[in-house]
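Here the structure is laid out as structure tokens; the discussion comes afterwards.
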Amino acid sequence: MPTASAVISGLPAALVVTTTVLLAVAALAGLVPGRTGRRMAHGLAGLACIGLVGLGISVLATGETATLRAGSVLGFALVDIRVDPLAALFLATLGVAGAASSAYGIGYGSTGAHMPAGRDRTTVAYPLFLASLALVFAAGDAFAFLFAWEAMALSSAVLVVGARPSGSVARAGYFYLAFTHLATAALVTAFAILTAAAGTSSFAAFGAAAAGLPRLVRDVVFLLVLIGFGTKAGAMPLHVWLPRAHPVAPSHVSALMSGVMIKTGVYGLVRVALEVLGPGPEWWGLLILGVGVVSAILGVLYALMEHDLKRLLAFHSIENVGIILIGLGIALIAAGAGAAPLAGLALTAALFHTLNHALFKSVLFLAAGSVQDAVGSRDLNVLGGLARLMPITTLAFAVGAAAISGLPPLNGFASEWLTFQGLLSAGAEESLTPLARSAALVAVGGLGLTAALAVACFVKATGVGFLALPRSAGAAAARETSRWMGAAMLALAGACVAVGLAAGPLAAGIGEIAAGVVTGEPVPVTLAPVPVGPGLGGAVYAAGAIGLLLAGIALATWLVGIRPRAVRRAPTWTCGIEPAPAFEYTATSYAKLIRLYFGRILRPAREIAVELHPGTPFPRTVRYRGEATHVIDERLYGPLHRAAVGAAQLARRLQNGSLQLYLVYTVVAVVILLVLAR
Amino acid sequence: MDVPSPVEELVVGTLQVVLVLLVAPALLGITKAVKARLQYRRGPAVVQPYRDLAKWWRKESVESEAASLLTAIAPALVLAAIVVATLLVPIVGDRPPLTGWGDLLVVVGLMALARFVLALAALDAGSAFGGMGSSREVAIAALVEPALLLALAGAALAAGSTDLGVIARAGAAAGTAWLTPALLLGAGAFAVVALAETGHEPVDNPDTHLELTMVHEGMLLEASGPRLAILAYAAELRLVLVAGLFAAAFLPFGIASDVAPLPLLGAVAAALAKLTGAAVALAVVDATVAKLRILALPELLATASILALTGLAARLWLPA
């Protein structure tokens, strides 16, 4: 343990200071009104993000935890920064996604009509949001962590409602704040218990203190931590804020919220549930595994029912957090059973998927933002035809779509491969109980279902949103996005491809971080030129080789069979009628079969109103409205909401506005207190 | 078993590549010919698929005015995904041509890649038929993929590896002891989803272009000329891939672990016999089973998932 004023030296220290200064200046620059302030704030924030990548890499390369402690108030450190390899991985992820989002933010709103006039609150909040995210990962102390946690919640809430505080947006922001405070309340309680046990609020001391807690208290702390971090991660059934808040934020903020902010929940679970508390009883892991499977399947099913592009993406964040939690659940189960290699494999899958999701979800949100900017709508049913009008945005979206669908050779497949291997290896692991092994194998089916539904959903989103004929005048008039935005999207799409091809060495490096978390002994991370794996029985996935061979065969086929051949262009045959966008499948009709197949879960409601030409059987207008019922909203939060309102109604009777009555209350309260405190 | 030398590996690998690439259209021809005989028709010759491919290869392609670049590149991507997947499956020798490149999860992933590209390209022309085929394909795949993975998981657990070469080797070494009740349940599940995966009755009708029934053909409707030839060939290869996957996981008998000429010849014969058997079985199913209503498919395919899960449960909970 370093003493009160041990200061890190060299590169990490310089990077911490530089990043902090850059973000502070960026926030001040955000006060400059108009486009200049916007560009300066986002530009400086982007530079700070590059610094974060450097900080992450410098820590990973040495394997040594960088700590910075200074000042002392009542025995608690004023500044307590601690970047170990786990935190470094998350910081580097934040840096990459943040740099791209900042670059995008420089150009955001410059082509469309969404640029607010005058000073923009969001421009100040954006660097603060980034700084708080970084501090959440870098905090070495529960107080600093909770401070950053709240700063992150508040700054992101400003970003959600700041740009266009209309009724529905304000409501989304309120919803978001309510849930984020539920999370904070749970975390404050959990950290208070741990701080009381440890006598200090430093994370480093929590581990030893947690080991000495009675079993019941440990279970309570685990559940509190799961509620707190699970809410932030968007795990079901605590996800309801996410599809409301993420779509209304500016798109580069949505990208950061979905790509990185919800990962603070994953980070917290790894840090506290696995590192501080673990290894725990089997049901901890089983619970997380169950939450993961349910979040994954329901997340993607609800995404399929959406035709608002950004809401669709928000539901996919829930799905992907589910996939991450599946890996984390297996890691907890395996750690509890003493199967360290399996725990390492499953945690590698979870951490790698966290990184990958940050990349592809960011590019998808940025592309969705460009579409909204160019067309003025995020409704898939009025998009279409963008492939030829916005080729860069379409390419970026398509790469992100293939990556999130878990298709080789892109990055999403590599981490899903590892997750599957974790599940299958758990199924084969003799040291686990038959219950845990069965759960892991059932989860194989669940993850397979999720992956196939994700393919369906992204074929829908890409096909309906970007291909064929434009479905509205707005879509037909769309123009390609600005240079900064295009560059940011292409950089992230390129990262999805590059990480996919280099998945072997990266998975090996993340595997060393994961092993460090499981065994408690971090080592320098090295990148060995190996395939992804080994999984069950030494199975591997040679990502780079497969990718190059795929490209080679596709290129050869193109050069021989497609490019040199005669092609004639003609209208699509529509049985003799002029081709029109009305012939195309809409987002709603595309998902119809799945809506029917999974009707038990989705319980679709629909209403059709037909208005006839007077006196004829011919319809003049047909209105169709159909939507899926959100089971959790209705069955869990509906009764809760009604109960809360009912309780509030009862409590209202106490408040009738009469001063005398309030004085009586006060006297009664004082008497009770005196009796109790006697 | 000794690890074969690189040259030996190359010989066996090349043999499989050549065999698989050449024989794929013939399997479709066999299916069609047998089906015709079962229906008291004369039917096309076994070589008809080769003639079709040659015919389309010489023609021009007609492309929709609404189409993007995707329509042009999709056939190349689909073919590449299916070819690489086929090279990962041990069909002739127990070491597939791309030994050490990937396991059964990679094969399933590459099949999903092909499906993604094809289903997306089907939407590119803006025709309702393409949307119909595409939306049906992805919905059915959602029911197929869990069953497929659970069925293969049974074989993987039995062999202790997801590597298909290791699975085939373990099965071939175990002989009939490989066919435990648990594995047979998985094999049954795989057989059901194989019908869906290759677009046969009772899930899809490979012979019609009737919009009420078609799935896979609906997605190919806008393709023509060499692009149609490539996509049709990829579909034929997909049949070999699925049959090969079944054989490697559940019937790996007769697969070559040796490169001596005689065992190798035997292995080629065994591989051809298994592939022909699969083609004939598909024809029998096609000719005797009626197409299910598309809304009734979950019952069939969920049954497959449950069969596979039962197999896995039997492996875990029953004494060995």
Side-chain angles (χ1 to χ4, degrees), chain A residues 387-388 402 405-408 413 417 420 424 427-428 434 437-438 441-442 444-445 448-449 451-453 455-456 459 462-463 467-469 535-542 545-546 549-550 553-554 557-558 561-562 565-572 574 579 581 583-585 590 593-594 596-597, chain B residues 60-66 68 72-73 75-77 79-81 83-84 100-103 105-106 109-110 112-113 115-116 119-120 123-128 131 134-136 138-139 141-142 145-146 149-150 153 156-157 160-163 166 225-227 230 295 298 305 309 312-313 316-317:
Chain A
R388 280 170 300 153
S405 302
L407 300 175
F413 178 75
W417 187 91
F420 270 120
L424 289 168
R437 294 170 67 187
S438 312
L441 291 175
V442 171
V444 170
L449 177 64
L453 286 173
V455 168
V459 171
T462 317
L467 300 181
L469 296 172
L536 182 61
V540 293
Y541 160 49
I546 295 262
L549 186 63
L550 275 173
I553 295 177
T557 314
W558 163 264
I562 297 174
R565 298 315 177 104
V567 177
R568 186 157 52 86
R569 286 179 80 86
T572 304
T574 45
F583 290 110
E584 298 167 11
Y585 259 50
Y590 195 85
L593 205 48
I594 290 174
L596 295 177
Y597 281 176
Chain B
E60 68 168 0
S61 287
V62 183
E63 187 179 281
S64 165
E65 284 168 357
S68 67
I73 59 174
L77 290 174
L79 182 68
V83 167
V84 174
W101 285 41
D103 61 351
L105 296 170
V106 180
L110 287 166
L113 173 64
R115 177 164 62 242
F116 179 84
L120 203 52
L123 295 172
D124 203 18
S127 143
S134 172
S135 72
R136 288 173 182 171
V138 296
E145 200 154 316
L149 282 166
L150 290 170
L157 288 188
S161 174
T162 54
D163 187 285
V166 175
R227 296 176 191 177
I230 294 168
L295 292 179
S305 281
L309 270 176
L312 291 173
L316 280 188
W317 296 89

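The sequence lines fix the lettering, A, B, ..., with proteins before strands; numbering per chain opens at 1. Everything numeric in this text was worked out from a predicted model, so none of it was measured.
Contact between A/Leu467 and B/Leu123 at its shortest, heavy atoms only, is CB-O, 4.2 Å. Of all heavy-atom pairs spanning A/Gly445 and B/Pro146, the tightest one is O-CB, 3.6 Å.
At least one side-chain heavy atom of B/Val138 sits less than 4.5 Å from a side-chain heavy atom of A/Tyr590. Proximity of A/Leu453 to B/Glu145: side-chain heavy atoms (C-beta onward) are nowhere separated by under 4.5 Å. Looking at heavy atoms from C-beta onward, A/Thr557 lies out of side-chain contact with B/Pro75 at the 4.5 angstrom threshold. With contacts defined as side-chain heavy-atom distances shorter than 4.5 Å, the pair B/Leu110/A/Leu550 qualifies.
Rounded to the nearest 0.5 Å, atoms OG (B/Ser68) and CZ (A/Arg388) are 7.5 Å apart.
Residues satisfying the salt bridge (Lys or Arg N to Asp or Glu O under 4.0 Å) criterion with A/Arg569, sequence neighbours excluded, are B/Glu63.
Heavy atoms of B/Val83 lying under 4.5 Å from chain A belong exclusively to its side chain. For B/Leu120, the parts lying near chain A are the backbone and the side chain together; criterion is any non-hydrogen pair under 4.5 Å.
With chain B as partner, the option from A/Val455, A/Ile562, A/Thr462 having the largest number of non-hydrogen pairs under 4.5 angstrom is A/Ile562. Among B/Gly102, B/Ser305, B/Ser127, B/Gly160, the residue with the largest count of heavy-atom pairs under 4.5 Å with chain A is B/Gly160. Counting heavy-atom pairs under 4.5 Å between each of B/Leu77, B/Leu312, B/Leu157 and chain A puts B/Leu157 at the top.
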